[in-house]
Protein chains: 2
Amino acid sequence: MTKKRESDLINKNNCVMVHAMDIIGGKWRLPIIWKLYKNKTMRYNELKRSLSGITNIMLTRSLRNLEENGLVHRVEFSQNPPKVEYSLTDNCIKLVPALEVIYGWGHERLSKKDKDF
Amino acid sequence: MTKKRESDLINKNNCVMVHAMDIIGGKWRLPIIWKLYKNKTMRYNELKRSLSGITNIMLTRSLRNLEENGLVHRVEFSQNPPKVEYSLTDNCIKLVPALEVIYGWGHERLSKKDKDF
DNA sequence: ATTAGCAGGCACAAAAATGTGCGTGCTTGC
DNA sequence: GCAAGCACGCACATTTTTGTGCCTGCTAAT
């Protein structure tokens, strides 16, 4: 979701990967998707608590981005206090097998690193 | 491979995903890995030509990063003109199933987008 | 009566990623 | 003799991403 530069327009054909990274790249997007996958449906503050270190603005922006790209569903209940539920769209669920692999890979990597100390 | 901020140190436990994205995130890393996977072994300029839009410095930096993190093998032949071959490490090959999924997903997404015009 | 939780928004600052334009020393093909 | 290809390196500029600190209006619980 970065704005396109001229150099990017030259890409087109080969860079499916560049395009994919444009949507799921960034520090918090995969972590958010992962949490939503694990918990099915989550509210804003629930998500925030579960992603330690994330700030309001990053969570808001990331969610908005994911929503605009059709990866996340946002359902707002008009009541007070407000209630908003987030969940993954079907399109996003197609990505889950990839996340499983990445998670396993990252996990192994982190545990090996810990042993170095 | 970004420098750690204080807020990141709070993470530790949950953010396997943040860690993974730190290594394979960025605009060019997955595209490079993907090309190397498809072609097994590639030379610097060969890679550059195949990744349309990438600049020297980004290719160099990305390769160095991937090398430091043990995802890419760099073999330098001492001869003139110079010859350097890049290939994936076994650890990186473990990620390939994830890339397959992401590639397929991104491809579908791009082709649908084209139809909108 | 005060507080906490809900779901964020805003202006601004800092940091990180990415790009631009040029140069290296050497050799082989035209 | 000139150009092109090899594999990059460097200073700098721009763009993008991420973070900080504070605020909103409402309600239910202490």
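Just so we're on the same page: letters track the sequence lines, and every chain starts at 1.
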Between [atom2] of [N] and [atom1] of [X], the distance in whole Å:
X       : N      : atom1 : atom2 : result
B/Met42 : D/dC6  : CE    : P     : 12 Å
B/Gln79 : C/dT28 : CD    : P     : 11 Å
A/Asn45 : C/dG8  : CG    : C1'   : 9 Å
B/Glu76 : D/dC6  : CD    : P     : 16 Å
A/Asp22 : D/dT15 : CG    : P     : 17 Å
B/Phe77 : C/dT27 : CZ    : C1'   : 18 Å
B/Lys27 : C/dA16 : NZ    : P     : 20 Å
B/Ile54 : C/dG19 : CD1   : C1'   : 11 Å

Please determine if a side-chain N or O atom of [X] lies less than 4.0 Å away from the OP1 or OP2 oxygen of [N].
X       : N     : answer
A/Tyr44 : C/dG9 : no
B/Arg43 : D/dC8 : no
B/Arg49 : D/dC6 : yes

* Which residues pass the salt bridge (charged side-chain N to carboxylate O under 4.0 Å, His left out) test with A/Arg74, sequence neighbours left out? ->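 For A/Arg74, the residues satisfying salt bridge (charged side-chain N to carboxylate O under 4.0 Å, His left out) (neighbours in sequence not counted) are A/Glu76.
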* Return each pair, listed once, that meets ring pair (Phe, Tyr, Trp, His ring centres under 6.0 Å) where at least one residue sits in residues 82-101 of chain B; pairs must be two or more places apart or across chains. => none
* Asked: Could you give all pairs that pass the ring pair (Phe, Tyr, Trp, His ring centres under 6.0 Å) test and reach residues 50-69 of chain A, with sequence neighbours left out?
  ->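 Sorted pair list comes back empty.
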* Only counting residues at least two apart or in another chain, list the ones meeting side chain to side chain contact (heavy atoms under 4.5 Å, CB included) with B/Lys48. => B/Asn45, B/Ile54, B/Asn56, B/Leu59
* To do: For A/Glu85, check side chain to side chain contact (heavy atoms under 4.5 Å, CB included) against everything at least two apart and list the hits.
  =>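 So A/Glu85 forms a side chain to side chain contact (heavy atoms under 4.5 Å, CB included) with A/Thr41, A/Arg43, A/Phe77, A/Lys83.
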Just the table, please: protein N/O against nucleotides 26-29 of chain D N/O, every pair under 3.5 Å.
none

* Structure fact -> Sorted by number, residues from residues 55-64 of chain B placing a heavy atom under 4.0 Å from DNA chain C are B/Thr55, B/Ile57, B/Met58, B/Arg61
* To do: Could you please name the option among D/dT18, D/dA7, C/dA7 that lies closest to any side-chain atom of A/Trp28?
  => D/dT18
Side-chain ([X]) to main-chain ([Y]) donor-acceptor, under 3.5 angstrom:
X        : Y       : result
B/Asn65  : B/Arg61 : yes
A/Arg29  : A/Ile23 : yes
A/Trp105 : B/Asn91 : yes

* Structure fact -> With sequence neighbours left out, the residues meeting side chain to side chain donor-acceptor pair (under 3.5 Å) with A/Thr60 are A/Tyr44
* Which part of the nucleic acid, if any, lies within contact of A/Lys83, taking any heavy atom under 4.0 Å across all strands shown: a base, the sugar-phosphate backbone alone, or nothing? ->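 Counting heavy atoms under 4.0 Å across all strands, the contact made by A/Lys83 is with sugar-phosphate only.
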* Asked: With sequence neighbours excluded, what pairs up with A/Tyr37 under the ring-ring contact (aromatic ring centres under 6.0 Å, His included) test?
  ->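 If we apply the ring-ring contact (aromatic ring centres under 6.0 Å, His included) test to A/Tyr37, skipping adjacent residues, the hits are A/Trp34.
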* **Ion pair A/Lys112/A/Glu108, N-O distance below 4.0 Å** =>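 Between A/Glu108 and A/Lys112 there is a salt bridge, with a charged N closer than 4.0 Å to a carboxylate O.
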* Angle by which the axis turns from one end of the helix from C/dA1-D/dT30 to C/dC30-D/dG1 to the other, five pairs per end, to 10 degrees ->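 Roughly 0° between the end axes, to the nearest 10°.
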* Asked: Taking the side chain as C-beta and beyond, is there a heavy-atom pair between B/Leu88 and B/Leu66 under 4.5 Å?
  -> no
